[in-house]
Every structure is written in structure tokens, then in C-alpha cells.
Amino acid sequence: MKKKIFKNNMITYGLIIAFYIVMQVMIGAGAISSLLQGLLVPLCMYAIAAVSLNLVVGFSGELSLGHAGFMCIGAYASAIFSKLAEDSLPDLPRFLIAILIGAIVAGVFGFLIGIPVLRLRGDYLAIVTLAFGEIIKNLFNVLSLGKDNKGLHVSFNDAAVMELGEGGEKIVDGALGITGTPRDSSFTIGIILLLLTVFIVVNLVNSRTGRAITAIRDNRIAAESIGLNVTKYKLMAFTISTTLAGVAGVLYAHNLSSLTVKLFNYNTSILILVFVVLGGIGNVRGSIIAAIVLTALPELLRGMANYRMLIYALLLIVMMLFNWAPAAIHFRERIKDKFSKKKQEVV
């Protein structure tokens with residue numbers, strides 16, 4: 001069993017590394033347009049977000065609809081730090097600290113939200129996380145933050161209310177967001193963070209703690225009867241998931257020179273959930289593939305004009321049928337059996 005898990009994990013890591021190498025070769029050969037090159041960091045961001053959400057939806061069995069809200073917290077927390085430390089720290093150490101800050105702040109909010117909600121049953125988590133995501137988006141939409149020689153000034157009304165002194169600088173300007181964020185993100189860093197996210201998730205899932213989490217998902221009453229602390233394990237999975245969502249937000253915040261809350265809305269949370277469902281609930285590798293394919297596909301089909309979204313919708317249907325239709329599942333199992341028999345015959 002351990003050998004099979006190790007082999008499965010190595011295939012996932014190998015696919016990510018192979019994707020990185022192929023992209024780098026194609027970039028070097030000039031075979032990728034500048035538009036597609038600009039999508040490489042968002043591809044990594046969405047893949048990280050999908051893998052992290054799968055930890056809650058797939059392995060913990062809870063439905064979260066506010067993942068974009070935690071990404072927003074990580075993005076803004078890290079961007080604010082990077083703006084404040086831009087002149088005092090070198091690029092790489094500053095970005096590493098920004099990643100830690102974004103992850104920790106998002107994880108803390110996830111922990112605080114999870115304490116009361118994860119004690120409840122049913123769809124309460126989905127409702128609360130949905131409301132939380134909208135609240136966070138609206139709060140950052142009206143937040144104004146500036147600094148001068150007296151320190152930091154915060155306002156939720158208007159940037160003019162802060163009355164910055166001479167030489168003062170606006171860091172967050174309400175709906176205009178943050179401008180001039182250091183562009184520290186890159187495709188290489190995105191792949192490293194994706195590999196780290198996969199490493200954390202698969203090792204957690206395959207550990208004793210992960211088995212407890214999946215046991216609670218499969219049968220809560222049976223898990224409670226053998227002494228498992230249901231709230232503790234669910235809260236652990238949810239906190240780690242929101243922490244990794246914060247990392248995805250950091251990657252996005254440092255990819256563009258301006259940051260606003262437009263991306264971090266309800267539609268983004270649903271899009272990430274679509275990646276998880278289409279890739280296979282509880283399937284880490286499937287979440288990554290779905291995130292990459294469905295993010296890049298609209299751009300790849302841009303030359304198809306009016307047929308672009310039609311093809312996109314058809315592909316969604318095909319992927320859903322392939323992953324969830326009983327006949328498709330049976331077909332995949334037959335193919336696996338044939339390959340395993342051939343390997344045994346060769347041996």
C-alpha cells in the first residue's frame with residue numbers, strides 16, 4: 001500500500017516538473033505567445049487554490065464557498081508588507097517573508113472562522129464561508145491605508161480622512177486597491193509553491209491525521225464512537241486549506257503591479273470548486289490538471305471566435321462524464337486491469 005502511494009505521489013510530482021520543463025523549452029523556442037506566458041503564474045495560483053480546496057471538499061467532506069476570501073486576505077496582507085518593506089529588504093527575502101505573512105494571516109482567519117462553524121452539521125460551513133468571502137471583499141473594497149512620519153493611518157470611509165502628513169504615501173486606496181506592488185512572482189516560484197502545496201496535502205492525507213480526517217468524512221458517528229475528536233481534525237484540515245489559499249493569493253498579488261478585489265469574488269470561489277469537482281473530489285492530481293486545462297483553454301481557443309465558449313462548455317461536460325459517469329469509471333478500471341496484467345506477464 002505504501003509503495004502504491006509513493007508511486008502515485010511521484011507521478012504527480014513528475015507531471016508538475018515535466019509541465020515546467022516543457023513550458024520552459026517552448027518559451028525558449030518562442031513557441032508560446034506573450035498572452036499565454038502571462039497565464040503561467042495564474043495557472044500555478046489556480047492549481048494551488050484547487051489542491052488546497054480539495055483538502056476541505058474532497059478529504060474532509062465539507063463544502064466551502066469562500067475560498068476566494070482567504071486568497072484575498074493572503075494577497076492583501078502580503079502586498080501591504082511588500083509595499084512597506086520595499087526599500088528596506090532585498091527582493092528574495094522580502095518575498096519569502098510576504099509568503100509567510102500571507103499564509104499565516106489567511107490561516108488565522110480560517111482558524112477563527114472554523115472554530116464556531118465546524119461544530120455544526122449540514123451546509124452551515126458553505127453559507128458562512130460564502131458570507132465571509134463577500135464581507136472580506138467589501139471590507140477591502142473600502143479600506144484605505146497610508147503611512148507618514150507619524151506611522152500608519154487606517155480609514156474605512158475615504159482616503160482623505162486619513163490626513164497624511166508631508167511625504168505621506170497611500171498604500172491601499174479603497175476600490176483602487178494597491179498599486180506599485182513589487183512583481184516578485186514568477187513561473188518558477190509558482191511551480192515551487194505548487195510542489196510544496198502538493199507535498200503538504202498528500203503527506204497530510206496519507207498520515208495518521210489524514211486517515212482520521214477521511215474516517216470522519218466517511219462516517220462521523222463511527223469516528224466519534226472510537227474517540228476521534230471530530231472538531232479538532234476538521235478544524236486542522238480547514239486551517240491548512242485556508243493557509244494554502246493565502247499562498248495562492250500571495251502569488252497573484254505579486255504577479256501584477258496593481259491589486260484590487262475584483263478577482264476575489266463569489267465567481268472565483270465557484271470556479272475553484274469546479275476545478276475540484278471536474279478533476280475528481282479527493283484527487284490531487286486531477287485538481288491540478290483541471291485547473292491548468294480550464295484556465296488555459298479559453299486563451300488557446302481565442303482564435304475560434306464565437307465557438308470558443310461552446311467548445312469550453314462541451315469540454316466541461318466531457319470531463320464531468322469521464323470522471324463521474326458509472327460507465328466511464330468502469331471503462332477506466334478495465335484499462336487499469338489490462339495494464340496491470342500485462343506488467344505481471346512481463347515480470
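- Partner Thr129 forms a side-chain contact (heavy atoms from CB on, under 4.5 Å) with one of Leu63, Leu65, Thr242, Val117 and no other, that one being Leu65.
- Using modelled atom types, one side-chain atom of Asn54 and one backbone atom of Asn283 make a donor-acceptor pair closer than 3.5 Å.
- Considering Leu145, Ile178, Leu139 in turn, Ile178 is the only one that fulfils the side-chain contact (heavy atoms from CB on, under 4.5 Å) rule with Tyr76.
- Under the ring pair (Phe, Tyr, Trp, His ring centres under 6.0 Å) criterion, Phe59 pairs with no residue at all, not counting sequence neighbours.
- Counting only distance, with no hydrogens or angles, the side chain of Asn265 and the backbone of Lys262 share a donor-acceptor pair below 3.5 Å.
- Not one N or O on the side chain of Ser241 forms a donor-acceptor pair closer than 3.5 Å with the backbone of Ala237.
- Hydrophobic clustering (ILVMFWY, side-chain heavy atoms < 4.5 Å, transitive): Val108 and Leu125 are in one cluster.
- Under the rule for a side chain to side chain donor-acceptor pair (under 3.5 Å), Asn138 has no partner lying at least two apart in sequence or in another chain.
- Here Arg285 pairs with Asn8, Thr12 under the side chain to side chain donor-acceptor pair (under 3.5 Å) rule; sequence neighbours left out.
- Counting only distance, with no hydrogens or angles, the side chain of Ser225 and the backbone of Ala222 share a donor-acceptor pair below 3.5 Å.
- Remark: Tyr13 pairs with Asn9, Met10, Leu195, Val198, Phe199, Val202, Asn203 by the side chain to side chain contact (heavy atoms under 4.5 Å, CB included) rule, at least two apart or across chains.
- With Leu251 as the fixed residue, the side-chain contact (heavy atoms from CB on, under 4.5 Å) test singles out one of Ile48, Leu194, Ile99: Ile48.
- In terms of the side chain to side chain donor-acceptor pair (under 3.5 Å) criterion, residue partners of Thr188 (sequence neighbours excluded) are, by chain and number, Tyr20.
- Applying the ring pair (Phe, Tyr, Trp, His ring centres under 6.0 Å) test to pairs two or more places apart or on separate chains, those with a residue in residues 208-256 are Phe70-Phe238, Phe95-His254, Tyr252-Phe264.
- The 12-atom threshold is exceeded at CZ of Phe187, counting heavy atoms of other residues, nucleotides or ligands nearer than 6.0 Å.
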